[in-house]
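Start at 1 and go down the list; that is how both ligands and their atoms are numbered.
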Amino acid sequence: MAAKVALLFFTFGLALLATVTADPDLLQDVCVADLSSGVKVNGFACKENIAPEDFFFAGLAKPGLTNNTFGSLVTAATVQKIPGLNTLGISMSRIDYAPGGLNPPHTHPRATEMVFVLQGQLDVGFITTANVLISKTIKVGETFVFPKGLVHFQKNSGQVPAAVIAAFNSQLPGTQSIGATLFAAQPPVPDHVLTKAFQVGTKEIQKIKSRFAPKK
Ligand SMILES: *[C@@H]1O[C@H](CO)[C@@H](O)[C@H](O)[C@H]1NC(C)=O
């Protein structure tokens, strides 16, 4: 009984947290980000003179270059590219995948993500906090949802390039890529933390760290 009550409070607490951690609502028509302002607020300070260009971005029109380690590229259309998104609580990105390309496991601390497949076919999935993998193969015209904060990935298992458009309910969802977060942080996460966390030796940890080190 006590456990049930505790669980109820815990669940309610989480739900409450989810409500208050969405992007805040706007208090005026527009607040175009002044990205060069030194004023620190939650989001960006509004600039005085606004123009159509502040609400425009052509960067998702063309495929991004996928000739990198993971064979994928995220082109973001967040408030940093479209200053007019400031305080509006949404953004998008385009993700391109070479054949075999992977958008490695990562989380967006501030947004739920919904992808729409432009071309190709992808194996996608997210993992719940109970460590249950929810995965599916999706193809052109189909959509899939990655709930806010949960670790997720997309892989192009096909023989041709793939691409998606992703929508987010945050002007700046933030991305924490699990591999890079743990193995490429600066200053580094100490080896003894990672050996204990992953139950392997220092050698294995240093090998993974070396793979994430910037290419010389
Ligand atoms: C990827 O391809 C572009 C254009 O073909 C080239 O300029 C760039 O150097 C390549 N990058 C890597 C990492 O190979």
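- Distance check on atom 2 (O) of ligand 1: some protein heavy atom falls below the 4.0 Å cut-off.
- In the displayed structure, Gln176 atom CD is contacted under 6.0 Å by at most 12 heavy atoms of other residues, nucleotides or ligands.
- Within the 4.0 Å cut-off (strictly below), a protein heavy atom is located near atom 14 (O) of ligand 1.
- At least one side-chain heavy atom of Val115 sits less than 4.5 Å from a side-chain heavy atom of Ile138.
- Atom 7 (O) of ligand 1 is never approached by the protein to below 4.0 angstrom, counting heavy atoms only.
- Counting heavy atoms under 4.0 Å from ligand 1, residue Asn67 touches it through both backbone and side chain.
- Between the side chains of Asn68 and Thr66, not a single donor N or O lies within less than 3.5 Å of an accepting N or O.
- Contact check for Gln119 versus Pro161: side-chain heavy atoms found under the 4.5 Å cut-off.
- Taking atom 4 (C) of ligand 1 as the reference point, the nearest protein heavy-atom neighbour is Leu65 CD1, 4.1 Å.
- Side-chain atoms of Asp23 and Ile90, non-hydrogen and from C-beta on, never get closer than 4.5 Å to each other.
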